[in-house]
Amino acid sequence: MTKEIRTVGVVGLGAMGAGIAQLCVEAGVETVGREVSTELAEKARDRIAHFVSRKVEKGTLDAETRDAALGRLSLTTEVADLAGCDLVIEAIVEELEPKQELHRELERVCAPDAVLATNTSALSVTEIASATTTPERVVGMHFFNPAPLMPLVEIVRAELSSDDACETAYAFAERIGKRPIQCHDTPGFVVNRVLIPLLNDCIRVLDEARVGVEDLDTGMKHGAGWPMGPCELVDLVGIDVHVHASEALYEKTREPRMAPPPRLVAMRNAGLLGRKSGRGFYSY
Ligand SMILES: NC(=O)c1ccc[n+]([C@@H]2O[C@H](COP(=O)([O-])OP(=O)(O)OC[C@H]3O[C@@H](n4cnc5c(N)ncnc54)[C@H](O)[C@@H]3O)[C@@H](O)[C@H]2O)c1
């Protein structure tokens with residue numbers, strides 16, 4: 001049975017959390033956003049307002065609808081203010097201990113039937129859930145970056161997740177306009193499990209086949225039908241983010257293809273992080 005979600009909490013309003021909160025308020029859901037400081041929370045609200053206002057400028061949204069959406073977002077620094085949430089989506093730093101500690105706190109303040117979802121990319125949802133005494137209500141809701149634009153959400157069933165919690169998360173993802181898929185809690189879930197070693201292979205081919213960056217991208221776009229070349233994609237994701245995700249997957253699976261290619265590690269160490277630093281495989 002799916003639970004009706006009237007109010008959602010989003011914890012951590014960084015790159016992912018702010019995007020998720022934006023999706024929720026735009027879908028008409030009362031949303032409580034929690035950050036570690038008022039300043040960071042307000043910065044996130046400004047970013048959300050900026051993106052929603054751009055739609056008004058483009059003529060795809062009217063000002064009244066924008067104001068109503070932004071009016072649904074309340075901000076807090078207190079976990080206790082999430083007490084009335086039917087679903088809480090956690091998007092804080094990618095570290096096990098802070099996530100476990102937060103889930104313990106959420107379990108204390110939220111109603112017993114509230115669903116707790118983590119947006120972790122590489123940690124085990126089962127391990128996060130194990131910090132609580134009610135692991136059946138903990139699931140993964142893995143959004144993709146940028147959350148407002150990428151349609152997919154992986155609904156991750158941990159070892160002890162209940163059907164109700166998984167169904168509730170799935171239905172909520174649909175309600176906010178996403179395309180959910182279901183999977184079990186395994187390293188990388190579905191998309192990263194496939195995509196990360198594939199991108200690592202592409203980077204290794206740069207050296208093995210002595211193909212140029214632009215030719216490799218052209219090859220994958222025109223020979224494999226990719227919408228974007230692998231080097232363009234790694235630049236967009238962030239070379240540091242990709243290296244970190246590769247290391248996390250390699251640590252769990254010990255499959256050599258998961259390990260970050262030395263070329264990417266060297267780029268990360270040199271500060272060539274892709275689009276966000278102005279230089280990666282390409283210059284921006
Ligand atoms: N960036 C991506 O491409 C991406 C994609 C999918 C999933 N994720 C996952 O989403 C999560 C967040 O990633 P991000 O890229 O948004 O990180 P980020 O660093 O941009 O944001 C994290 C935010 O959480 C806040 N925070 C930290 N501890 C907190 C706490 N206890 N309570 C409230 N706020 C807290 C920080 O102040 C920061 O603003 C991670 O688990 C990450 O693995 C990231």
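Here the structure is a predicted model, which means the values were calculated and not measured. The first residue of the sequence shown is numbered 1, and numbering continues consecutively from there. Basis for what follows: all heavy atoms, side chains included, without hydrogens, waters or symmetry-related copies. Counting starts at 1 for both ligands and their atoms, following the listed order.
At the shortest separation from atom 21 (O) of ligand 1 among protein heavy atoms lies Gly14 CA, 3.2 Å. In this structure, the protein non-hydrogen atom closest to atom 32 (N) of ligand 1 is Arg34 NH1, 3.0 Å. Distance from atom 41 (O) of ligand 1 to its nearest protein heavy atom, with residue and atom name: Glu94 OE1, 2.5 Å. Atom 22 (C) of ligand 1 has its closest protein heavy atom at Ala91 O, 3.7 Å. The closest protein non-hydrogen atom to atom 44 (C) of ligand 1 is Met16 CG, 3.3 Å.
With ligand atoms numbered from 1 in the order given, ligand 1 contributes 1 (N), 2 (C), 3 (O) to contacts under 4.0 Å with heavy atoms of Asn145. Within ligand 1, counting atoms from 1 as listed, the ones closer than 4.0 Å to a heavy atom of Gly12 are 24 (O), 25 (C), 33 (C), 34 (N). Which parts of ligand 1 touch Val11 is read off a 4.0 Å heavy-atom cut-off, strictly below it: atoms 32 (N), 33 (C). Ligand 1 places these atoms under 4.0 Å from at least one heavy atom of Leu40: 37 (O). Atoms of ligand 1 lying under 4.0 Å from any heavy atom of Lys99, numbered from 1 in the order shown and given with element: 40 (C), 41 (O). Using a 4.0 Å cut-off to heavy atoms of Ser121, the atoms of ligand 1 that qualify are 6 (C), 7 (C), 8 (N), 9 (C), 42 (C), 43 (O), 44 (C).
Residue-ligand proximity: Leu102 is placed with every non-hydrogen atom at 4.0 Å or more from ligand 1. Between Val241 and ligand 1 there is no heavy-atom distance shorter than 4.0 Å.
Protein non-hydrogen atoms do not reach within 4.0 Å of atom 17 (O) of ligand 1.
A salt bridge links Arg193 to Glu255: at least one charged side-chain nitrogen sits closer than 4.0 Å to a carboxylate oxygen. Between Arg279 and Asp235 no salt bridge is recorded (no basic side-chain N to carboxylate O distance below 4.0 Å). Between Lys221 and Glu232, at least one side-chain nitrogen of the basic residue sits less than 4.0 Å from a carboxylate oxygen of the acidic one, meeting the salt-bridge criterion. A salt bridge does not link Glu57 with Arg54: none of the charged nitrogens is closer than 4.0 Å to a carboxylate oxygen. Taking 4.0 Å as the cut-off between side-chain N and carboxylate O, Asp86 and Lys3 count as a salt-bridged pair.
The N/O atoms of Ala15, backbone and side chain alike, include one that comes under 3.5 Å of an N/O atom in ligand 1. Checked by distance only, ligand 1 and His142 stay at 3.5 Å or farther apart across all their nitrogen or oxygen atoms. Polar contact check, Thr120 against ligand 1: no nitrogen or oxygen pair lies under 3.5 Å apart. Polar contact with ligand 1: absent for Glu90 (N/O pair, distance under 3.5 Å).
The backbone N or O of Arg137 sits nowhere less than 3.5 Å from a side-chain atom of Thr134 that would complete a donor-acceptor pair. Under the 3.5 Å distance criterion, the side-chain polar atoms of Thr7 are left unmatched by any main-chain donor or acceptor of Glu30. In terms of modelled atom types and a separation under 3.5 Å, the side chain of Glu107 and the main chain of Thr133 share a donor-acceptor contact. Between the side chain of Arg34 and the backbone N or O of Thr77, at least one donor-acceptor pair lies under 3.5 Å. Distance alone, capped at 3.5 Å, is enough to place a donor-acceptor pair between the Ser161 side chain and the Val138 backbone. Proximity of a side-chain donor or acceptor of Glu94 to a complementary backbone N or O of Ser121 within less than 3.5 Å is detected.
Remark: of the listed residues Lys178, His142, Met141, Met141 is the sole one forming a side-chain contact (heavy atoms from CB on, under 4.5 Å) with Ile155.
The option with the heavy atom closest to atom 28 (N) of ligand 1, from among Val237, Asn119, Ile92, Val153, is Ile92. By heavy-atom distance, the residue among Glu39, Glu35, Met150 lying nearest atom 23 (C) of ligand 1 is Glu35.
Residue contacts with ligand 1, taken as heavy atom pairs separated by less than 4.0 Å, do not involve Glu101 at all. Neither the backbone nor the side chain of Val79 has any atom closer than 4.0 Å to an atom of ligand 1 (non-hydrogen atoms only). Contacts between Phe143 and ligand 1, counted as non-hydrogen atom pairs separated by less than 4.0 Å, involve the backbone only.
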Stepwise side chain to side chain donor-acceptor pair (under 3.5 Å) test for Tyr250 and Asn200: CA-CA 12 Å; Tyr250 177 65; Asn200 286 340; over 6 Å; no
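Here the closest non-hydrogen pair linking Glu35 and Leu13 is OE2-N, 2.9 Å.
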